[in-house]
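By convention in this document, chain letters (A, B, ...) are assigned in the order of the sequence lines, proteins followed by strands, and residues within each chain are numbered from 1.
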Amino acid sequence: MMNFLRMLLYPGMVYILTLAMFLEWLDRKLVAKFQNRVGPMYVGPLGLLQPLADFLKLLSKESIIPAGSDRILFNICPITAFVVITLAVSFIPMVSVRGLLSTEGDLIVVLALLTIYLLLVYTSGASPPSRYSQIGAARAALMLLGFDLPLMMSSISVAVIAGSFRLSDIVAQGRYYIVGLHFIGFLIFLVAAQAELDRLPFDIPEAESEIVSGWLVEYSSWRLALLRLAKNMEFLLLTGLAVNLYLGGPVGPSPPSLEPFLQPFYFILKLVSVTFLLSLVRASFARLRIDQFVSLGWHYLLPLSLIYLVMTIVLVN
Amino acid sequence: MVTSFEAIKNFFRKRATILYPEEKIEPSATFRGMLSFERSLCIGCGLCWRVCPASAIKQDRDDKGARPVFLLDRCIFCHICVEICPKKAIKASRDRGSLVMDKSSLRVK
Amino acid sequence: MGVYLPMGPQHPLHPEATLVKLRVEGEHVVDADVDASFVHRGIEKALEHKTYTQGLYLAERICGICNVAHTTCYTTNVESLAGIEAPYRALYLRLAVEELARIHSHLLWLGLFAHTMGFETLFMLAFRDREPVLDLMEEITGGRVTTGYNVIGGVRRDVDPGLVFKIKGVLTQLKERILKYKELFESDPVIQARTRGVGYLSKNEAGELLAVGPVARASAIARDVRIDDPYLTHEEVPFNVIVYDTCDAWGRAMVRLDEILESINMVQYTLDHLPSGEVRVKVPPFFRPPPGEMSSRVEAPRGSLLHYVKSDGSDRPVRYRVRTPTLANLASVVTMLRSRNGKIVHIADVPVIFSSIDPCICCTARVTIFDERGHVLEKPLNELLDMRRGR
C-alpha cells in the first residue's frame, strides 16, 4: 500500500505532473517578465493553476480527426508519447538520490526513451494529411539529426567521468560537473535541450508564423492536451537531466536528518535556475531556418561534443 | 546578446502592460469620445444629419419640429456635427466607447 | 511541379486576409503568387456618394495605420481642386503628425517583422515603445490611431507649448530605443542569418517593377515623394532620404529604422520652427469645387500613395481613385518570393520576405473577376468587354 501511494502521489505521478505544470508556468512567467509583460495572472495565486486550466479546457473541446488521416496513428501517438516520456521522467532522481525507478544503466534508457519520443513526434506530425503538419514532421525528423547526438554525447561524457551509467550513482557522488571543462558540456546540453524542446531559437518544427504550428496543427481535444502535457514532461525531463548530470541533482549541503526535506528543495531550486537560463535563451533570439540549424548542429555542436567526449575519456584514463 | 541584456533589464522593470478590467487608462483631455446631446438647445437646423459621414444621425420629428436622433453605435467619432452645430447643442465627451449590453441605449434623442 | 502550399487567407503570418500561393519542393519555394482580393470594400465607389467633407472620413478609413497619409493626400488633393489654401501653420502641423504616424507605423512594422522571424521579445518591445507615440497622437489629434486631424482647410487643433515640450521629451527617449534596435539588427547573429540576402530585389528589378517606399530605397533607388514632389513644407524641413544598397530584407529593416530617426528629427525641427497664425480656414460643409481633375501624391509609411479626383462641379466627386503603395509593391514581392538566379527561397523565408514590404492589404484589395467556371480572368477589362460584345 505504501509503495502504491509512493508511486501515485509522492514522489510519484502526481508530484511529477505538478512539477511539470509548475515548470510550464514558470517558463511562461519568466518569458513574460523578460518581455515586460505579466504572464498568467488569474487562475490560482499568480496564475499558478494556468497550465492545469489549459489542460482541462483542452479536454473539454470537440475531438476532431481530420479526413484522410491515419486514424490509428493519430489516436495512438499522443498516448504513446505521453507514456514514453512519463516513463523516462520516472528515472530522474528528484526527491532523493534514487529516482522513482532506478536500474543499472538507466541513463541509456532515458536517452533511448527520449529518442523514441522524438520519433513519435515525427509520426504524430506525419499521420494527418495537412501540409503544414507534414512539413513540421519532416523538419522535426531533420532536427533530430542535428541535436540528438550532441545531447547524448554530452550526457554520456558525464557518465564516463563518473564511472557509472546509473543516474543515482552519478548523483550520489555529490559532484558539480558544471565547473571547468564540463561547462562546455553543460552549454552543449542546454543548446541541444533547447532544440529538443522546440523552443526559440529552434522552434522550427512548430514555427507559428510559417507553418502555423507544424506537427501539432491538426491535433485538438484530449490528443492536444496529452501532447502538450508530454511536452511539459519533456521539459521536466531535460531540465531534470541537466540538474542531475551537471548540477549535482537533489544533493546539497544538509544534515542527514533533514535530507528528505532539503533534497527536494535543492532539486527544485536547481531546476528553477536551469529553467531561468532556458527561458532567457528563448526570450533573446529569433527563429533559425532549418538549414541553418542543421549546419549549426553539424559544424559546431557535433564536433564540439565529440571533442568534449574524447577529452573526458582522455581525462579519465 | 543585446536582447539578453535587455531581457534581464526588463525582468527588474515595472510591467509595461495594464491589467485591463481592474486598471483603466484615463483618456487624455483632448480625446474625441462619445457625443452627448442637449435637446433643449436644438433649433432643428438639420446641418448635423446632412453632414454626418456615417449616417449616424437620423431626422426625427416632434411637436417642436425636426430634431436629430443619434445612433451612437454607428458613430465614427469624427465630430463634424460637434463643430458644425450652430447652437452647440451637440457636445463631445471623453467617454471612450460604445460598449453596452443594451443596444437601444445607444439611441440618443 | 512541386507541391501547392497555401499561406492564407487565414494564417498567423497575415494580420489581414491575404493568400500567398506557393509551389514548394521540400523546403524550397519554386513559384509564388499573391492574391489580395479578399477584402475588397468598394471604397472608391462609396466615395462617389459622399460629399467632399464626408469623403475625408471614408478616405481616412482606407487604412488604419497610414490614415494620416490618406487624409493628407485627400485634403491636398481636394484643396488644390477647390482652390482652398490651408494656413501655413497647418501645413507644418500636418507634416509633424504625418511623421509621427510614420514613426508608429514603422514601429508596428518592426514588431510584426520580428514576429514573422519568431522573435517574440522584439515584437513585444516594439509594441511597448510604440505606445507612447500613440498616446502623443491621442493628445495632439484626439484619436489614438484614427486621428481625424487633417480637415479640408487646415488641421483640427493647434498644439500648445506644453504639448510641444512633452512631444520632444517622448521622442528623445524613443530615439535611444531606436538606436538600440539598430544595434540589435547590426549585431544579432540570428537576425543577420534570417534577413541578410533574403528577399533579394536588385536595383534593376526594383526599377522595372516600380517598387516604392522603403522597398525601393533598400534597393539603392532614392525614390521618395517628399523630395521628388514636395506636398507640404518639405522644402523647409531638412531631412535625408535613407538609401541602403543591400537589396534584401535586412536593408528594408534598416531603412525603416533610419527613417524613424529621420522622422524624429523632422518632428522636432517642425515643432521648433512652427510659424504663428491660424490653423484652419473655414470651409462651407457642402462646397462645390469647379469641374476638373486633380491628383496628388504623398509618401505614406509604405511608399508613394496616389489619390485622383474628378469633379463635375457638384458637391460630390464623379470619380475617386486610390493607388496604395502595397499594390505597387506586390509585383516586387512576388518576384522576391520566387527562387531565381541561384537565390533559393526557403519556406521559412516566405514570412520574412512577405512582411518586409510592410503589406497593408485592406487598402490594396482589388476586385478579382472570375468567369462562370471560376477561372480568374487574365485581362479582366478586355475580356469583360469581349463578353459584352457577345464573343
Side-chain angles (χ1 to χ4, degrees), chain A residues 27-28 30-39 129-143 191 194-195 198-214 216-217 279-297 299-300, chain C residues 2-8 10-15 20 22-29 111-129 131 184-185 188-198 249-250 253 344-355:
Chain A
D27 178 45
R28 283 170 69 173
L30 280 174
V31 171
K33 273 278 188 194
F34 291 141
Q35 296 174 346
N36 226 342
R37 296 185 288 124
V38 285
S130 159
R131 275 158 206 173
Y132 297 129
S133 170
Q134 301 276 344
I135 291 172
R139 285 181 175 187
L142 206 52
M143 292 259 301
V191 172
Q194 192 82 347
D198 288 353
R199 289 152 60 83
L200 277 170
F202 309 122
D203 67 338
I204 306 166
E206 289 181 18
E208 193 226 356
S209 57
E210 298 155 25
I211 47 173
V212 194
S213 52
L216 270 171
V217 68
S279 302
L280 185 60
V281 173
R282 186 182 141 196
S284 342
F285 289 107
R287 184 190 310 122
L288 279 171
R289 220 160 53 199
I290 183 77
D291 56 321
Q292 289 163 349
F293 172 73
V294 173
S295 92
L296 176 84
H299 284 146
Y300 301 100
Chain C
V3 181
Y4 175 57
L5 179 77
M7 278 201 186
Q10 305 261 329
H11 192 281
L13 159 65
H14 306 299
V20 180
L22 302 173
R23 291 251 153 221
V24 295
E25 279 174 1
E27 283 280 332
H28 297 175
V29 178
L112 294 182
F113 187 63
H115 175 69
T116 58
M117 288 191 291
F119 204 161
E120 298 304 324
T121 307
L122 182 55
F123 169 64
M124 298 290 170
L125 295 184
F127 271 64
R128 179 192 72 187
D129 294 334
E131 208 57 23
L184 177 66
F185 267 79
D188 191 288
V190 183
I191 291 185
Q192 296 264 337
R194 286 307 302 279
T195 54
R196 282 273 194 180
V198 168
W250 185 82
I344 291 168
V345 176
H346 297 257
I347 292 178
D349 292 336
V350 174
V352 175
I353 294 173
F354 192 70
S355 70

Check A/Arg131 against C/Pro6 and note the closest heavy-atom contact, atom names and distance.
-> NH1-CD, 4.4 Å
CD1 on C/Ile347 to CD1 on A/Ile135, rounded to 0.5 Å = 3.5 Å
Might you point out which heavy atoms bring A/Arg289 and C/Asp349 nearest each other, and give the distance in Å?
-> NH1-OD1, 2.9 Å
Side chain / backbone / both / neither for C/Val20 at chain A, heavy atoms under 4.5 Å | neither
Residue from C/Pro351, C/Ala114, C/Gly118 scoring the most non-hydrogen pairs under 4.5 Å with chain A is C/Gly118
Could you tell me which non-hydrogen atom of C/Ala193 sits nearest to which non-hydrogen atom of A/Gln292, and how far apart they are?
-> O-NE2, 2.8 Å
Name the member of A/Ser213, A/Pro201, A/Ala283 that forms the most heavy-atom pairs with chain C at distances under 4.5 Å.
-> A/Ala283
CG (C/Leu13) and CD (A/Glu210) are apart, to the nearest 0.5 Å, by 9.0 Å
Side chain, backbone, both or neither: which part of A/Ala138 has a heavy atom under 4.5 Å from chain C?
-> neither
Would you say C/Leu5 and A/Tyr132 make side-chain contact, with heavy atoms under 4.5 Å?
-> yes
Residue pair C/Thr121 / A/Ser284: nearest heavy atoms and the distance that separates them | OG1-N, 4.4 Å
Say you draw a straight line from CZ of A/Arg287 to CD1 of C/Ile191; how long is it, rounded to the nearest 0.5 Å?
-> 13.0 Å
What are the two closest non-hydrogen atoms of C/Phe119 and A/Phe285, and how far apart are they?
-> CD2-O, 3.6 Å
Pick one of side chain, backbone, both or neither for A/Ile290, based on which atoms fall under 4.5 Å of a heavy atom in chain C.
-> side chain
So how far is it from A/Ile211 CD1 to C/His11 NE2, rounded to the nearest 0.5 Å?
-> 8.5 Å
Below 4.5 Å from any heavy atom of chain A, which atoms of C/Glu120 appear? Answer side chain, backbone, both or neither.
-> both
Considering only heavy atoms, which portion of C/His346 lies under 4.5 Å from any heavy atom of chain A: side chain, backbone, both, or neither?
-> side chain
Under 4.5 Å heavy-atom distance to chain C, tell me which part of A/Asp291 shows up: side chain, backbone, both or neither.
-> side chain
Name the region of A/Phe34, side chain, backbone, both or neither, that has any atom closer than 4.5 Å to a heavy atom of chain C.
-> backbone
Counting only heavy atoms not in C/Gln192, do more than 12 sit closer than 6.0 Å to its CD atom?
-> yes
